[in-house]
Student: 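Below you will find the structure I want to go over with you.
Note that the structure is a prediction, hence the values are computed from the model and not measured. Start at 1 with the first residue, then count along the sequence. Side chains included, hydrogens not; waters and symmetry mates left out as well; all remaining heavy atoms used.
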Amino acid sequence: TKVGKFKYSRFINLLKSFSLYMGRALVLISFGLNLLIIISVGIRHDRLSALNIPPIWVWSTIGIMICLLSMLFIRKTLPLIVCGCWILTTCILADEFRSLRKGVSPTLGKSKNISNPNSIRVVTINCNGRNLNIVRESLDFNPDIILTQESPSPKELTSLLGESGNNEYKVIGGWDCAIIAKGTLKKKKYPSVLFNHATGATLTITNGTEIELLSLHLERAITRWDLWNIECWREHTQRNAERRDQLVYLLEELKKQSSNKPIIFGGDFNSSYQSNLYEVIPEKFTNAFDEAGKGVGNTFTNYFPVIRIDHIYPSNHFSIIDSRSVKTKNSDHRMVICDLIIN
């Protein structure tokens, strides 16, 4: 009996030790992950690009769940402190919280809230495999400029605009991207290496102002998430660098084409807003949703938007009045719309 009590007591002590070490280990894992995410967002290095694809609140959810699990083994104080670190990290760094601070509900509607004759409404939308119906949806907002990706052919777009009585629009298109705009469009020639990723044009509006336009669609993202595999990290690193090189090349060509004219470029960047991709964009351009957007601006996927990969960038020739992300019926992306005024 004494031997039995000794064995039972020893078993209880071992169980207590296991619970203590397991609980501390889980808290340490969660805290380490929190530090890693902060570092990855802070330095935005190519080699950490796999961590910057999911939004911060996804990592926060994982970290908090690990902390909650640790509460089964240890007292709640330490796990709750780490949970608080995750919440603070999310509130400070998450893209969604920045726009929500300006307002929960978007204010941009189907009709413009401004009567300024120099106002311009711009839409960018991925057409989800050349679906014409998404273009019909964008026309409901009466835009002056539509930038499309995975676009229907120029012939199909011209036919659609004629059928719907929108003959004031002109169309310029390439293999993947197109530009639809009110005014006169003159297509710009971009290098053949970018043939599948961009369409550029000069738009002349009714008051004679020329605006340089560019619709772009950068290389798709890697979808593998076996982060324990070194090859997964290598693929993410390589693809992130490829997209950044494409964007640098496009912006250099755009600069050559524009000759100091007002510029609007946008489209599907295929990269979360935590990526270092956006750091190569010159300071003369402003992200329209960052400047004036309200609510959640995430654009992919349409029905459960977790990341913001579609953007509009006007140059400093414009004032940005309003912007929003709009749920669609015919695309896997949401539309991004902004109202601008030419200064």
Side-chain angles (χ1 to χ4, degrees), residues 44 49 52-53 55 94-96 98-100 102 106 108 120-128 134 138 141 143-151 176-179 194 197-200 211-221 240 243-244 246-251 254 262-302 305-328 331-340:
R44 300 177 189 249
S49 58
N52 287 333
I53 293 176
D95 179 42
E96 294 84 356
R98 286 193 286 269
S99 57
L100 285 171
K102 287 180 273 185
L108 187 148
I120 293 176
R121 173 164 287 186
V122 185
V123 170
T124 183
I125 181 63
N126 184 301
C127 295
N128 190 24
I134 185 61
S138 66
F141 287 85
D144 300 286
I145 299 167
I146 307 172
L147 309 176
T148 63
Q149 305 84 46
E150 294 187 30
S151 180
D176 187 77
C177 301
I179 297 171
L194 300 171
H197 299 288
T199 290
I211 303 171
E212 201 67 28
L213 303 177
L214 178 68
S215 175
L216 59 84
H217 190 190
L218 300 182
E219 195 69 45
R220 67 178 180 83
N240 192 70
R243 277 196 300 271
R244 192 176 62 252
Q246 286 176 347
L247 184 57
V248 169
Y249 194 10
L250 275 168
L251 293 177
L254 181 60
I263 299 171
I264 301 170
F265 75 90
D268 180 358
F269 289 70
N270 266 325
S271 191
S272 79
Y273 208 45
Q274 295 155 206
S275 167
N276 61 10
L277 171 79
Y278 302 94
E279 294 177 354
V280 304
I281 298 174
E283 292 183 359
K284 66 181 278 188
F285 297 102
T286 303
N287 187 295
F289 190 84
D290 281 356
E291 180 73 14
K294 303 175 186 69
V296 176
N298 294 345
T299 61
F300 187 82
T301 65
N302 179 48
V306 294
I307 57 176
R308 185 155 66 105
I309 62 176
D310 302 87
H311 306 276
I312 299 171
Y313 282 90
S315 63
N316 52 16
H317 300 82
F318 298 91
S319 296
I320 302 167
I321 305 304
D322 206 348
S323 182
R324 70 176 290 190
S325 170
V326 179
K327 186 177 180 181
T328 61
S331 178
D332 54 346
H333 290 241
R334 294 194 170 193
M335 280 189 286
V336 179
I337 307 175
C338 69
D339 286 338
L340 312 173

Student: Under 3.5 Å, is there a donor-acceptor pair between the side chain of Ser275 and the main chain of Asn52?
Tutor: no
Student: Which residue is it: Tyr313, Tyr273, Tyr278? I am looking for the one with a side chain to side chain donor-acceptor pair (under 3.5 Å) to Asp290.
Tutor: Tyr273
Student: Without swapping roles, check the side chain of His197 against the backbone of His217 for a donor-acceptor pair under 3.5 Å.
Tutor: yes
Student: For residues Asn298 and Arg308, determine if any side-chain heavy atom of one lies less than 4.5 Å from a side-chain heavy atom of the other.
Tutor: yes
Student: With sequence neighbours excluded, give me every salt bridge (charged side-chain N to carboxylate O under 4.0 Å, His left out) pair touching residues 262-289.
Tutor: Arg44-Glu279
Student: Side-chain donor-acceptor pair under 3.5 Å between Thr299 and Asp310, yes or no?
Tutor: yes
Student: For Gln149, which of Asn126, Thr124, Asp176 qualifies under side chain to side chain donor-acceptor pair (under 3.5 Å)?
Tutor: Thr124
Student: Of all heavy-atom pairs between Ala221 and Arg243, which one has the smallest distance, and what is that distance?
Tutor: CA-NH1, 3.4 Å
Student: Measure the SG-NE2 distance between Cys338 and His311 for me, rounded to the nearest 0.5 Å.
Tutor: 12.5 Å
Student: So does Ile179 get a backbone contact from the side chain of Ser215, meaning a donor-acceptor N/O pair under 3.5 Å?
Tutor: no
Student: How long is the gap from CD1 on Ile125 to CD on Glu150, to the nearest 0.5 Å?
Tutor: 10.0 Å
Student: Any side-chain heavy atom of Asn128 within less than 4.5 Å of one from Ile134?
Tutor: no
Student: For Phe285, check ring-ring contact (aromatic ring centres under 6.0 Å, His included) against everything at least two apart and list the hits.
Tutor: Phe265
Student: For the pair Arg121 and Asp339, find out whether any cationic side-chain nitrogen is under 4.0 Å from an anionic carboxylate oxygen.
Tutor: yes
Student: Which heavy atom of Ser99 sits nearest to which heavy atom of Glu96, and what is that distance?
Tutor: OG-O, 3.1 Å
Student: Keeping Gln246 on the side-chain end and Glu219 on the backbone end, is there a donor-acceptor pair under 3.5 Å?
Tutor: yes
Student: Apply side-chain contact (heavy atoms from CB on, under 4.5 Å) to Val336 and Ser323, showing your working.
Tutor: CA-CA 7 Å; Val336 179; Ser323 182; 4.3 Å; yes
Student: Would you mind reporting whether Thr148 and Thr199 have side-chain heavy atoms less than 4.5 Å apart?
Tutor: no
Student: Kindly indicate whether the side chain of Ile320, heavy atoms from C-beta on, has any atom under 4.5 Å from the side chain of Pro314.
Tutor: yes
Student: If you apply the rule side-chain contact (heavy atoms from CB on, under 4.5 Å), what do you find for Leu213 with Val122, and how did you get there?
Tutor: CA-CA 11 Å; Leu213 303 177; Val122 185; over 6 Å; no
Student: Would you mind reporting whether Val296 and Leu100 have side-chain heavy atoms less than 4.5 Å apart?
Tutor: yes
Student: Considering non-hydrogen atoms only, spot the tightest contact between Ser138 and Pro143 and give its length.
Tutor: O-CD, 3.3 Å
Student: If you look only at pairs with a residue in residues 312-326, which of them pass as a salt bridge (charged side-chain N to carboxylate O under 4.0 Å, His left out), with sequence neighbours excluded?
Tutor: Lys294-Asp322
Student: Which distance, rounded to the nearest 0.5 Å, do you find between the CG of Leu254 and the CD1 of Ile263?
Tutor: 4.5 Å
Student: Does a donor on one side chain sit under 3.5 Å from an acceptor on the other, for Ser331 and His333?
Tutor: no
Student: Please name the pair of heavy atoms, one in Ile120 and one in Phe318, separated by the smallest distance, quoted to 0.1 Å.
Tutor: CD1-CE2, 4.2 Å
Student: Evaluate side-chain contact (heavy atoms from CB on, under 4.5 Å) for Ile264 paired with Leu340, printing each intermediate quantity in order.
Tutor: CA-CA 10 Å; Ile264 301 170; Leu340 312 173; 3.7 Å; yes
Student: Would you please test Ile312 and Phe289 for side-chain contact (heavy atoms from CB on, under 4.5 Å) and show each step?
Tutor: CA-CA 8 Å; Ile312 299 171; Phe289 190 84; over 6 Å; no
Student: So, Asn302 and Thr328: side-chain donor and acceptor under 3.5 Å apart, yes or no?
Tutor: yes
Student: Output the distance between atom CD1 (Ile309) and atom CZ (Phe300), rounded to the nearest 0.5 Å.
Tutor: 5.5 Å
